[in-house]
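Report on the structure given below.
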Amino acid sequence: MIKILITINILITALTACGTGFSTNKTYIPKTENKIINYEDASFDIMGEVIISSYIINLDIEKTRIISWTSIDRIDSIYSSSGIEGITIIKAEIDDIGKIVNHSIVKRAGFGLDVFALEIMKNIIINPARQAGKASKTYCYIRILFKQKNSL
Amino acid sequence: MKILYYLLTLLFFTSNLYSYSLSGKIIDLENGAPLGNITIGIDELYYFTKTNDMGEFIFKNIEPGFYVLKTANPLYGEKTLDIKLKRDFYIEIELKKVIFTLKGIKNYSVIKDDRIGTYIITHDDIKDIPSGAGNSFHALQTLPGVGSSFLLSSVPIIRGNNPIYNKYYIDDIPIDYPYHYFGSIIPLISSVNEEIIDKIRVINTPYPLRYNDSISSIIDIKTREPETYGVTGKFILNPIVPLFPAIYVTATPTADINIIFLGKRTDVDLYNNLALRESNNDFYSQEHYLKITYNLDTHSRFYFISFGSDDFMSIKNRSMGFNEMTARSMYHVEALKWEFLLSNRLFFKTIFSNYQIDHKIKNVIEKDKSTTIIAYDPYQYRLFQELFYSSKHVTINAGYEYTTHGGGAKGNVNLGTIAGSNGFSIDPALAQTNVILNTPIKGSSISFFSDGTLNFKPLWLNIGARYKNYGPDSNELFSYRGLLGFNITGSTALYMGGGSYYSHPDMYYYLGQINPDFKESRSYNSVLGFKAAMNNLLSGQLELYYTRYKNLYSLENTKQSDQLAALSQISPFSIESDGTSYGSELYLIAHYRMIEGRLSYTYSVSKRNHNEINAKNYYADFDQRHIFRTIIITKVDNWVFSSAWYFFSSFPYTPVTGSASSNSKFEPQYGEHNSKRYDILPRQEYKLSYNFKSGSRFYINTAINPKYYIYQKYDKSKPYGENNPEFKKDIPLFLWIGLELCF
């Protein structure tokens with residue numbers, strides 16, 4: 001009986017000593033060289049049950065990116081002949097479906113180009129930042145450049 | 001056996017005694033609020049959890065040791081912390097909201113060309129194309145019609161003309177020669193750093209009349225503006241050994257204020273001074289650029305611009321009678337600029353600038369303190385105002401330019417005296433000459449100009465005129481131009497036109513002339529061109545040109561020296577009074593996936609006449625008959641590889657055909673002027689760059705230049721023979737490594 005108790009005791013001790021993941025009720029990812037899974041999948045599903053990986057897993061965030069935007073019609077008149085160029089930078093708040101819910105201009109291009117920039121921004125669709133496969137509210141800078149191009 | 005079981009049990013319990021908990025709280029840095037739903041993990045153990053609504057987390061039974069804690073959340077980004085665990089550990093982590101930067105959206109406005117056929121080099125081109133020894137203008141040599149002297153030469157030689165007739169504009173401010181100089185005479189590299197350049201346009205005649213004072217080409221440099229919010233910058237080690245390092249900073253403190261600064265200075269001289277080493281030689285070089293812009297409102301902007309460079313060298317030469325020679329070259333510009341968008345049809349621009357030059361070569365003999373000096377220190381204040389009007393069919397820009405001139409040239413030698421067939425020499429004996437160089441450049445000049453485009457598709461017409469009253473010689477001048485175009489399709493055009501332009505004598509002329517006549521040079525130009533953009537893959541242009549020149553600068557003391565032309569590039573010693581240039585330029589640009597190819601071929605003939613040597617119809621000093629280049633730029637991920645293959649004709653030279661003994665010297669006897677050439681020159685240049693995500697960059701630049709003769713050197717102590725003159729070769733191989741570190 002004593003042998004059995006001692007054996008159980010040892011097993012419990014061993015499990016609690018090594019398997020802290022279970023004791024803290026958090027994900028435990030065993031180290032194995034046999035199976036290698038996609039690095040990014042691992043980071044996106046970090047809160048899943050168990051992920052097998054031979055890599056050290058980073059907590060990567062899938063960053064925001066512009067999916068599409070609509071150019072405004074040709075900016076002609078004085079802009080085409082005076083060589084006016086500029087850069088507008090807008091700080092935008094994006095909700096978890098990629099919609100811009102708030103914005104402010106942090107760098108103005110001047111010469112009325114910022115009005116065009118805001119017009120462009122209305123039609124921008126943005127993929128929000130994601131982690132563990134879930135989209136989240138984020139902030140980003142959107143840079144809109146106005147450049148001159150030769151007619152041919 | 002029992003004892004063994006008890007020992008094992010004790011061992012495992014003991015091991016548990018050395019396990020600790022790691023707990024903590026994550027809060028917002030700005031307001032201290034607890035942050036829930038933040039992922040946190042211990043890297044080495046693969047343990048991960050999320051914070052609760054109170055921002056708290058806990059890991060239990062962690063063995064002592066060193067660990068890396070990582071946090072991640074889309075709103076707060078990623079953070080890494082190194083911790084040492086040796087007891088129960090509690091940590092409070094502060095996180096700051098992050099703002100991701102999205103790749104820029106580019107909008108292109110189709111510019112109404114005021115000179116169709118203008119060549120453009122962009123900031124990216126300068127970065128990607130092999131660039132010589134950190135020389136931002138080297139990439140211009142990839143354009144059609146642009147030739148060059150030796151391998152590391154910096155000055156673009158356009159359409160076979162002496163570069164003395166080109167004019168540079170930086171941010172709409174005219175500059176003579178923005179270079180760093182050796183000995184105040186030989187330009188080494190551009191003094192406009194590549195980091196501040198947005199694009200360079202090479203505008204050949206007939207150029208728009210808003211530009212001025214060139215009978216050849218305009219090199220128009222536009223500088224950058226900050227492309228990111230906040231403060232960014234980089235250290236530029238070019239070369240990687242920090243001999244001439246630069247710092248570049250951009251700042252956007254508010255939405256309406258932008259600042260760009262670049263400072264560059266040699267540091268070897270500073271180390272030498274710090275080490276308190278005595279040296280016979282002293283030198284330094286610096287360049288700076290500062291642009292501060294402020295948007296007064298949504299439609300107008302104010303600029304403060306300051307740029308320039310200094311080069312100084314001092315050489316104590318004991319072999320020449322304990323003399324000390326100093327050479328200084330400097331130009332500084334300060335400008336205020338105001339641009340105002342009056343409406344969507346009117347735009348108004350005002351520039352007030354001050355431009356100062358100081359070039360000086362001085363030689364002092366220790367023995368009797370006699371001094372040889374040649375100096376040029378003019379300054380000018382310039383007011384420039386221009387109004388643009390644009391409608392559907394008509395575009396007009398008109399304005400005026402008022403300049404006051406002061407300073408001038410002075411000294412007791414002139415360039416003609418110090419120059420010889422083997423370069424320059426400030427011989428102490430020259431101090432005994434009785435030459436008096438005293439040429440004040442004083443007076444006020446005023447110009448009125450207008451350019452216009454009439455656009456009635458498919459026909460369009462550029463016309464322009466400039467009236468100028470040039471103060472220093474009270475002369476009235478009239479320049480004009482016209483360019484008629486026909487759009488065959490929406491992306492194909494045929495054009496032809498011409499014009500007449502003036503150029504006033506510049507620095508080298510004043511330094512060389514004892515009795516200058518101030519008379520301006522004049523050119524009559526005509527072009528016929530075809531430009532087409534077939535599709536996104538291929539575009540190209542072909543331009544034929546013919547130009548006639550009158551009253552070209554030629555110094556009083558003319559010199560037969562191809563060495564002076566090859567090395568100084570901007571040569572005041574060309575023997576020419578009038579002549580013609582004609583040729584054709586073909587330029588093709590192709591894109592295919594990550595590869596860009598450029599091909600250019602130039603056929604050019606520049607012939608000159610000169611009354612003094614009674615020579616006619618000879619090749620100009622800078623004539624390069626054939627210039628062929630192919631450039632390939634390949635971009636793969638963060639790597640950029642570019643190669644440039646050049647084949648071009650060398651400059652002509654006047655052969656030494658004999659010698660005549662005189663006062664124990666053997667003076668050379670020359671053959672027909674500019675009647676010989678060296679072989680066609682092949683050159684290969686390569687550049688490999690790696691661009692880090694942070695914006696830092698590392699690159700290797702190399703050039704191979706086999707069997708390339710650039711000038712002949714005649715030794716007067718020996719008679720003409722097989723080894724006299726000696727033909728000097730350019731360097732055969734060149735390797736340059738640069739590094740840019742962002743902060």
Side-chain angles (χ1 to χ4, degrees), chain A residues 3 6 9-10 13-14 16-17 20-21 23-24 26-29 46-47 56-57 59 61 63-66 69 71 74-75 77-84 87 89 91 105-108 110-112 114 120 129-131 136-152, chain B residues 5 8-9 12-13 15-16 19 39 41 43 46-50 58-62 70-75 77-78 97 99-113 225-227 229 252 255-256 295 298-299 301 341 344-347 388 390 395 491 493 531-533 539:
Chain A
K3 286 181 184 175
I6 290 170
N9 211 342
I10 289 170
T13 309
T16 52
T20 318
S23 68
T24 53
K26 301 294 179 293
T27 308
Y28 168 55
I29 304 160
I46 205 77
M47 295 309 294
I56 289 178
I57 297 168
L59 301 169
I61 297 164
K63 295 180 174 63
T64 51
R65 63 178 187 271
I66 293 171
W69 64 285
S71 178
R74 184 174 150 173
I75 307 171
S77 68
I78 197 68
Y79 295 102
S80 305
S81 55
S82 59
I84 294 173
I87 297 170
I89 302 177
K91 182 184 174 185
I105 295 180
V106 294
K107 182 191 175 303
R108 282 183 223 285
F111 306 122
D114 304 305
I120 290 166
R130 290 167 190 275
Q131 192 183 8
S136 165
K137 174 184 167 183
T138 33
Y139 294 95
C140 66
Y141 288 125
I142 302 168
R143 195 167 63 211
I144 301 175
L145 298 90
F146 297 92
K147 292 279 180 189
Q148 298 280 3
K149 185 178 175 183
N150 280 344
S151 57
L152 294 181
Chain B
Y5 274 115
L8 283 170
T9 307
F12 281 111
F13 275 113
S15 70
N16 248 4
S19 294
T39 306
D43 210 33
Y46 312 114
Y47 295 167
F48 297 91
T49 185
K50 280 190 173 183
I58 184 166
F59 297 101
K60 291 178 181 173
N61 299 326
I62 312 289
K70 286 183 175 175
T71 70
N73 180 274
L75 206 53
E78 296 164 1
K97 275 183 187 166
I99 308 172
F100 297 105
T101 302
L102 300 183
K103 202 175 174 183
I105 295 171
K106 282 188 183 172
N107 285 271
Y108 290 106
S109 167
V110 179
I111 193 165
K112 287 177 184 165
D113 282 320
E225 67 171 300
E227 294 187 354
Y229 176 69
T252 314
D256 291 310
N295 292 325
T298 55
H299 285 75
R301 179 182 290 177
L341 186 76
N344 66 351
R345 297 210 181 282
L346 287 169
F347 182 68
F388 293 80
S390 180
T395 302
S491 57
K531 189 170 180 178
S539 60

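Quick note on labels: first sequence line is chain A, next is B, and so on, each numbered from 1.
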Discussion item. What part of A:Ile89 gets within 4.5 angstrom of chain B, counting heavy atoms only: side chain, backbone, both, or neither?
Written reply: side chain
Discussion item. Please identify, among A:Ala129, A:Cys140, A:Gly110, the residue contributing the most non-hydrogen atom pairs under 4.5 Å to chain B.
Written reply: A:Cys140
Worksheet item: A:Ile84 and A:Gln148: which non-hydrogen atoms are nearest, and at how many Å?
Response: O-NE2, 3.1 Å
Item to complete: Side chain from CB out, backbone as N, CA, C, O: work out which of these in B:Thr298 comes under 4.5 Å of a heavy atom of chain A, or both, or neither.
Response: backbone
Worksheet item: Below 6.0 angstrom between ring centroids: does that apply to A:Phe111 and A:Tyr79?
Response: no
Practice prompt. In sequence, state the C-alpha distance, the side-chain angles, and the governing distance for B:Arg345 and A:Ile78, and then conclude on side chain to side chain contact (heavy atoms under 4.5 Å, CB included).
Written response: CA-CA 5 Å; B:Arg345 297 210 181 282; A:Ile78 197 68; 5.6 Å; no
Item to complete: Between chain B and each of A:Ile105, A:Val106, A:Ile144, count heavy-atom pairs under 4.5 Å; write down the option with the most.
Response: A:Val106
Worksheet item: What is the minimum heavy-atom distance between B:Leu75 and A:Lys137, and which atoms define it?
Response: CD1-O, 2.9 Å
Fill in: Minimum-distance pair of heavy atoms, taken over all atoms of B:Phe347 and A:Ser82
CD2-CB, 3.5 Å
Discussion item. Between B:Asp256, B:Leu102, B:Thr252, who has the most heavy-atom pairs with chain A when the cutoff is under 4.5 Å?
Written reply: B:Leu102
